[in-house]
Colleague: 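Input: one structure, supplied below.
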There are 2 protein chains.
Amino acid sequence: MDHLIEKTLAKKEIFKGRVIDLQVEEVQLPNGKTSTREVIKHPGAVAVIALTADHKLVMVKQYRKAMDRVLVEIPAGKLEKGEEPIVTAKRELEEETGYTCKELKHIISFYTSPGFADELVHLYTAEKLEVMETKASLDEDEFVEVIETSIEEALQMIQTNEIYDAKTAYAVQYLQLRSALGE
Amino acid sequence: MDHLIEKTLAKKEIFKGRVIDLQVEEVQLPNGKTSTREVIKHPGAVAVIALTADHKLVMVKQYRKAMDRVLVEIPAGKLEKGEEPIVTAKRELEEETGYTCKELKHIISFYTSPGFADELVHLYTAEKLEVMETKASLDEDEFVEVIETSIEEALQMIQTNEIYDAKTAYAVQYLQLRSALGE
């Protein structure tokens, strides 16, 4: 697939932030011409499909500045440097929901916005949740509200755009598929 | 849900690009403290679950600079200013694959990376594809290779990380679900 590759001729660091970095690359296209690519570097993230013992999906309401609105999302968070994704996933589950789980299972990883960013999300399931005796603390700039819904309620929230993000839509569809397959 | 909202105190434009803009906002958190948020502004995008008459899924191989690798994705593209998403979807389908379709159906829209970007992807199905007599041209800096696979082959490509992005994983799972429901 070498005929598709774009070779970087020059790279300019525009911004180094708390969460993301931005660089602009001058590239040589497969036809020899040049163009520019705007690239966001992100540390990667985890997300958890968390199910209570009575099969409710645990999600969090969280304000998102990029859209200036509150979204309902499955528990998620950025990877810390050097931390195994499954460790981050368990920590985020505990911090955001107050539940814990003996065994998380990896189901899929995917890039969220390959056209401009390298954010890779690792998605896990956490079943038979147990309430933590001592609730873990959130990051100091993080504020969330926990909700628990049935799959049917979650589907309704997709219709009303309360659930409005890719990883959570994937999670709800995953549960629909599992139910359809009788698993 | 006012208790979750972060009020913007100041906004700094860092970068205005061809595809994305970056701004950093100083915000007041729900507890009165301040923090910063890094926000990517994106025009939004469309993606198409395109199925041939013999039920093959049409995808494109495309080099992605952010990951420095070739990914297999469903046809997709950025919204042009003032263009209806369904019009963009038909245009991208035609330009990237050489197929056209009488009727596209909207199935879901979702934010891809709500933690740092406002990119909203509108997802459509296009069925009973017809080969175009005159192939539409790609953007001058776009190079893709078209492939057609069964659902089983697409699932295999998820295992091998050739399919490695959220919208395409969602699309494959959508087809699995439809098949499981006998639709």
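To find a chain, count down the sequence lines: A is the first, B the second, and so on, and within it residues start at 1. Everything quoted here is computed from the prediction, not taken from an experiment.
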Colleague: Is it true that the side chains of Glu26(A) and Thr36(A) contain a donor and an acceptor less than 3.5 Å apart?
Modeller: no
Colleague: Is Ile163(A) close to chain B through its backbone or its side chain, or both, or neither, when contacts mean heavy atoms under 4.5 Å?
Modeller: neither
Colleague: Could you tell me which portion of Ile20(B) (side chain, backbone, both or neither) has an atom closer than 4.5 angstrom to a non-hydrogen atom of chain A?
Modeller: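 Both backbone and side chain.
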Colleague: Answer whether the closest heavy-atom distance between the side chains of Gln62(B) and Val70(B) falls below 4.5 Å.
Modeller: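 The answer is no, as the side chains (C-beta and beyond) never meet within the 4.5 Å cut-off.
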Colleague: Backbone N or O of Lys33(A) within a donor-acceptor pair of the Asn31(A) side chain at under 3.5 Å?
Modeller: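 Present.
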Colleague: Find the one option among Val27(A), Ile108(A), Ile40(A) whose heavy-atom pairs under 4.5 Å with chain B are most numerous.
Modeller: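 The option with the most such pairs is Ile40(A).
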Colleague: Using non-hydrogen atoms and a 4.5 Å limit, figure out which bit of Glu73(A) sits close to chain B: side chain, backbone, both or neither.
Modeller: side chain
Colleague: Using non-hydrogen atoms and a 4.5 Å limit, figure out which bit of Gln173(A) sits close to chain B: side chain, backbone, both or neither.
Modeller: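 Both the backbone and the side chain of Gln173(A) come within 4.5 Å of chain B.
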Colleague: Need one label for Lys167(B): side chain, backbone, both or neither, based on atoms under 4.5 Å from any heavy atom in chain A.
Modeller: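 Side chain only.
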Colleague: What's the spacing between Met67(B) CE and Asn161(B) CG if we round to 0.5 Å?
Modeller: 12.0 Å
Colleague: Could you tell me which portion of Val144(A) (side chain, backbone, both or neither) has an atom closer than 4.5 angstrom to a non-hydrogen atom of chain B?
Modeller: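 Just the backbone, heavy atoms under 4.5 Å.
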Colleague: Do His3(B) and Glu145(A) come close enough that some side-chain heavy atom pair is under 4.5 Å?
Modeller: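 When only atoms from C-beta onward are counted, Glu145(A) and His3(B) do touch, with a gap below 4.5 Å.
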Colleague: Looking only at heavy atoms, which two atoms of Asp68(B) and Tyr63(B) are closest? And how far apart?
Modeller: OD1-OH, 2.5 Å
Colleague: Among Val24(B), Asp118(B), Asp165(B), Val39(B), which residue forms the greatest number of heavy-atom pairs with chain A at distances under 4.5 Å?
Modeller: Asp165(B)
Colleague: Between Thr112(A) and Thr112(B), does any side-chain donor sit less than 3.5 Å from a side-chain acceptor?
Modeller: no
Colleague: In Å and rounded to the nearest 0.5 Å, what is the CD to CE distance from Glu162(A) to Met157(A)?
Modeller: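 Going from CD on Glu162(A) over to CE on Met157(A), the span is 4.0 Å.
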Colleague: Do Gln28(A) and Thr34(A) have side-chain atoms, one donor and one acceptor, less than 3.5 Å apart?
Modeller: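 Note: Gln28(A) and Thr34(A) side chains miss the donor-acceptor criterion.
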Colleague: Check each atom of Lys41(A) against the heavy atoms of chain B and say whether the ones under 4.5 Å are side chain, backbone, both or neither.
Modeller: side chain
Colleague: With a 4.5 angstrom heavy-atom cut-off, is it the side chain or the backbone of Leu120(A) that approaches chain B, or both, or neither?
Modeller: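 Contact with chain B: side chain only.
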Colleague: By a 4.5 Å heavy-atom criterion (distance strictly below it), what part of Lys11(A) contacts chain B: side chain, backbone, both, or neither?
Modeller: neither
Colleague: Can you find a pair of side-chain heavy atoms, one from Tyr164(B) and one from Val72(B), that are under 4.5 Å apart?
Modeller: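 Counting from C-beta outward, Tyr164(B) and Val72(B) never come under 4.5 Å.
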Colleague: What part of Ser179(A) lies closer than 4.5 angstrom to a heavy atom of chain B: side chain, backbone, both or neither?
Modeller: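 For Ser179(A), there is no contact with chain B at all, as no heavy atom is under 4.5 Å.
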Colleague: Using side-chain heavy atoms (C-beta onward) and a distance below 4.5 Å, is Lys78(B) in contact with Pro43(B)?
Modeller: yes
Colleague: Taking every non-hydrogen pair under 4.5 Å, which of Ser113(A), Ala45(A), Ala66(A) racks up the most with chain B?
Modeller: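 Top count of heavy-atom pairs under 4.5 Å with chain B: Ala66(A).
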Colleague: Can you check whether Phe110(A) and Tyr170(B) have ring centres sitting under 6.0 Å from each other?
Modeller: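 No: the rings miss the under 6.0 Å criterion.
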Colleague: Flag the one option from Leu71(B), Leu22(B), Leu181(B) with the top tally of heavy-atom pairs under 4.5 Å to chain A.
Modeller: Leu22(B)
Colleague: Looking at Arg37(B) and Asp141(A), is there a salt bridge between them, counting it only when a charged N and a carboxylate O are closer than 4.0 Å?
Modeller: yes
Colleague: Name the region of Thr168(A), side chain, backbone, both or neither, that has any atom closer than 4.5 Å to a heavy atom of chain B.
Modeller: neither
Colleague: Can you tell me how far apart CG (Leu29(B)) and CD1 (Ile5(B)) are? Round to the nearest 0.5 Å.
Modeller: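 The CG atom of Leu29(B) sits 13.0 Å away from the CD1 atom of Ile5(B).
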Colleague: What residues of residues 46-59 of chain B make heavy-atom contacts with chain A at a cutoff under 4.5 angstrom?
Modeller: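 Under the 4.5 Å heavy-atom cut-off, nothing qualifies.
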Colleague: With distance as the sole test, does Ser150(B) use its side chain to make a donor-acceptor pair with the main-chain N or O of Glu153(B) at under 3.5 Å?
Modeller: yes
Colleague: With a 4.5 angstrom heavy-atom cut-off, is it the side chain or the backbone of Glu6(B) that approaches chain A, or both, or neither?
Modeller: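 Both parts, heavy atoms under 4.5 Å.
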Colleague: To the nearest 0.5 angstrom, please state how far the CZ atom of Arg178(A) sits from the CD1 atom of Ile107(A).
Modeller: 8.5 Å
Colleague: Give, for atom CD of Glu25(B) and atom OG of Ser35(B), the distance between the pair rounded to the nearest 0.5 Å.
Modeller: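 Output value for this atom pair is 11.5 Å.
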Colleague: Any idea which of Tyr174(B), Tyr111(B), Phe143(B), Phe116(B) has the most non-hydrogen atom pairs under 4.5 angstrom with chain A?
Modeller: Tyr111(B)
Colleague: Just wondering, do Asp21(B) and Phe15(B) contact through their side chains at under 4.5 Å, heavy atoms?
Modeller: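 Of all side-chain heavy-atom pairs linking Asp21(B) with Phe15(B), none is under 4.5 Å.
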Colleague: Where along residues 82-105 of chain B does a heavy atom come under 4.5 Å of chain A, listed by residue number?
Modeller: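 Within residues 82-105 of chain B, near chain A: nothing under 4.5 Å.
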Colleague: For each of Ala180(A), Pro114(A), Gly115(A), tally heavy-atom pairs with chain B at distances under 4.5 Å, and name the one with the top tally.
Modeller: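 That would be Pro114(A).
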